[in-house]
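Each remark here refers to the structure printed beneath this line.
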Amino acid sequence: MLGGGIVKGMVETARNFLGSYTDEARLTTVEYPEERIPAKENARQFPFLVFDGADPMAGLRCVACQICEKECPPQCIYIVKDTAKKPDYTGKLQFQPKVFNIDLSVCMSCQICVEVCPFDAIKMDTEYELARTDRFGALVFDKNRLAKPNAYFHKLHPTDGAEVDGRLAAEKAKAEAKAKADAEAKLKAAAEAKAKAAAAAAAAPPVAPPPASPPAA
Ligand code: SF4
Ligand code: SF4
C-alpha cells in the first residue's frame with residue numbers, strides 16, 4: 001500500500017510515546033527531590049570508614065597504616081597515626097588514626113583506597129547529596145563524619161558485606177586456632193623439658209660426703 005511504511009512508523013512512534021507514560025519498565029525518571037531512585041548495590045560516591053561495635057572511634061577498623069593515603073591518586077586523604085596503641089571495641093590494642101580526613105571536593109570516587117586497604121576499613125558510600133555553600137572547609141570530612149557502622153555497609157552493599165564478614169570471621173578463627181596450637185606446643189615443650197631435667201637428676205651418681213676433718217692437736 002502506498003504510504004504503508006509511513007503509517008506503520010507513525011503507529012510505532014505513537015506506541016512508544018504513550019508507552020513512555022504508562023509502561024512501568026520505561027518510567028525511569030522520578031520527581032526529585034520528593035522521590036529518589038534507590039542506589040544500585042554497586043553504586044559508589046565517596047568513601048567512609050567502617051566501625052564495629054557501638055563506639056564509632058574505638059570500633060574503627062582502620063589501623064592508620066596509611067596505604068590508602070599513599071595510593072590515593074589526587075592525594076585527598078590525610079592521616080596522622082596515634083603514637084600509642086589503644087584498645088579497640090574488643091579490648092585488643094591496636095594503632096588508630098589520630099587524624100583521618102578526606103577532602104571530598106577533590107575525591108574522584110575511584111575506589112582505589114577501598115581496593116588497597118588490607119583491613120576492609122574503608123568502603124564506598126552511595127550518598128550524593130553533599131552540596132555545601134563552603135566548597136573547601138565543609139567538604140573536608142574528619143573521622144567522626146566518616147565513621148559509619150558495619151550495618152550501614154551491609155545495607156548499601158549486602159553482597160560485599162556478607163563476603164567481608166565471612167572472610168574476617170574465617171581469618172579470626174584461623175588466628176585463634178593458631179594461637180591455641182602455639183600455646184599448647186609451648187606447654188608441651190615446657191613439660192618435656194621439666195621431665196628431662198627430672199630424669200637427668202635421677203640418673204646422676206650420688207654425691208660422696210666430704211671427708212671428716214682431723215681432730216685438732
Ligand atoms: S583505611 Fe585501610 S588502608 Fe587506609 S589507613 Fe586505614 S587501615 Fe590503612
Ligand atoms: S575514592 Fe579515590 S580519590 Fe577518593 S579518597 Fe579514595 S583513592 Fe582517593
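Whatever order the structure lists them in is the order used to number ligands and atoms, beginning at 1. In this text the structure is predicted, and so the values were computed from the model without any measurement.
- Cys76 pairs with exactly one of Val140, Leu104, Ile102 by the side chain to side chain contact (heavy atoms under 4.5 Å, CB included) rule, that one being Ile102.
- Ranking the protein heavy atoms by distance from atom 8 (Fe) of ligand 2 puts Cys72 SG, 2.3 Å first.
- Between atom 2 (Fe) of ligand 2 and Cys107 there is no N/O/S contact shorter than 2.8 Å.
- Less than 4.0 angstrom separates some heavy atom of Met108 from each of these atoms of ligand 2: 3 (S), 4 (Fe).
- Listed here is the closest heavy atom pair of Gln94 and Cys62: NE2-O, 3.5 Å.
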- prompt: Please walk me through it: do Tyr78 and Phe100 pass ring pair (Phe, Tyr, Trp, His ring centres under 6.0 Å)?
  reply: CA-CA 6 Å; Tyr78 175 68; Phe100 194 121; 9.6 Å; no

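- For atom 6 (Fe) of ligand 2, the closest non-hydrogen atom on the protein side is Cys113 SG, 2.3 Å.
- By the criterion of a separation under 2.8 Å, the protein N/O/S atoms near atom 6 (Fe) of ligand 1 amount to Cys62 SG.
- Less than 4.0 angstrom separates some heavy atom of Cys76 from each of these atoms of ligand 2: 5 (S), 8 (Fe).
- Side-chain contact annotation: Asp165 with His154, donor-acceptor N/O pair under 3.5 Å present.
- Using a cut-off of 4.0 Å between Lys/Arg side-chain N and Asp/Glu carboxylate O, Lys85 and Asp82 are scored as not salt-bridged.
- Counting the atoms of ligand 2 from 1 in the order shown, those under 4.0 Å from a heavy atom of Gln111 are 1 (S), 2 (Fe).
- Side-chain atoms of Asn16 do not come within 3.5 Å of backbone N or O of Gly19 as any donor-acceptor pair.
- Using the six-membered ring where Trp is involved, Tyr128 and Tyr32 have ring planes that are tilted, between 30° and 60° apart.
- Contacts between Ile77 and ligand 2 below 4.0 angstrom, taking non-hydrogen atoms only, involve the side chain exclusively.
- Under a 4.0 Å criterion applied to the non-hydrogen atoms of Pro74, ligand 2 contributes the atoms 3 (S).
- For atom 2 (Fe) of ligand 2, the closest non-hydrogen atom of the protein is Cys110 SG, 2.2 Å.
- For Tyr89 and Phe51, the gap between ring centers reaches or exceeds 6.0 Å.
- The shortest side-chain heavy-atom distance between Glu129 and Glu127 falls under the 4.5 Å cut-off.
- The residues Lys186 and Asp182 are annotated as not salt-bridged, no charged nitrogen and carboxylate oxygen being separated by less than 4.0 angstrom.
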